[in-house]
Visitor: 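Dropping a structure here in structure tokens format, bear with me for questions.
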Amino acid sequence: MASSFYYVAIKGALASSDCDAFGLDPEEISALTKRFPNSKAVVTNGLSIKGPPLTVINTLCQLGYKVVSSTGEIEITWTLQRETSASHKSLKKPQNV
């Protein structure tokens, strides 16, 4: 059986305290807004997340995503993928945060 993939994009600057996410499903949006309070769907087709881009990427990795590409210099867009057959993992907030 051929694998099927789902893609999302994260856009932000490395030194920034927030970023934008595109392509998330409702369950992922719910998980991220719980993990990153004050995040809002104010971006066209996306979600403005109140968290540094690399922290958000690491959080999405807990849900089965992996970075497959990036582009940009000051503002970077990372593309992440996960297999659609993979079940969603629960998103746990680290104990030391």
Visitor: Is it true that a side-chain atom of Thr84 and a backbone atom of Ser4 form a donor plus acceptor pair closer than 3.5 Å?
Guide: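 Such a contact is found between Thr84 side chain and Ser4 backbone.
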Visitor: Suppose we screen for side-chain hydrogen bond (donor to acceptor under 3.5 Å, both in side chains). Which residues come up paired with Thr79, at least two apart in sequence or across chains?
Guide: Ser69
Visitor: Mind listing the side-chain donor-acceptor pairs of residues 36-55 below 3.5 Å, one per line with the distance, residues two or more places apart or on another chain?
Guide:
from	atom 1	to	atom 2	distance (Å)
Ser39	OG	Phe36	O	2.7
Ser39	OG	Lys50	N	3.1

Visitor: Throw together a table of side-chain donor-acceptor distances under 3.5 angstrom for residues 6-14, partners on residues two or more places apart or in other chains.
Guide:
from	atom 1	to	atom 2	distance (Å)
Tyr6	OH	Gly23	O	2.5
Tyr7	OH	Gln81	OE1	2.9

Visitor: Which residue is it: Ile57, Asn58, Leu63? I am looking for the one with a side-chain contact (heavy atoms from CB on, under 4.5 Å) to Leu60.
Guide: Leu63
Visitor: Who passes salt bridge (charged side-chain N to carboxylate O under 4.0 Å, His left out) against Lys66, sequence neighbours left out?
Guide: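 Lys66 satisfies salt bridge (charged side-chain N to carboxylate O under 4.0 Å, His left out) with no residue once adjacent residues are dropped.
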Visitor: Rounded at 0.5 Å granularity, tell me how far CZ in Arg82 sits from SG in Cys61.
Guide: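 The distance works out to 12.5 Å.
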Visitor: Which heavy-atom pair separates Ala21 from Leu24 by the least distance, and what is that distance?
Guide: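 In this case the closest contact between Ala21 and Leu24 is CB-CD1, 3.6 Å.
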Visitor: Using the side-chain hydrogen bond (donor to acceptor under 3.5 Å, both in side chains) criterion, which residues pair with Ser70? Sequence neighbours excluded.
Guide: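 side-chain hydrogen bond (donor to acceptor under 3.5 Å, both in side chains) check on Ser70 returns nothing, list empty.
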Visitor: By side-chain hydrogen bond (donor to acceptor under 3.5 Å, both in side chains), which residues pair with Asp18, not counting sequence neighbours?
Guide: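 Testing Asp18 for side-chain hydrogen bond (donor to acceptor under 3.5 Å, both in side chains), a comparison that skips the adjacent residues, returns Ser16.
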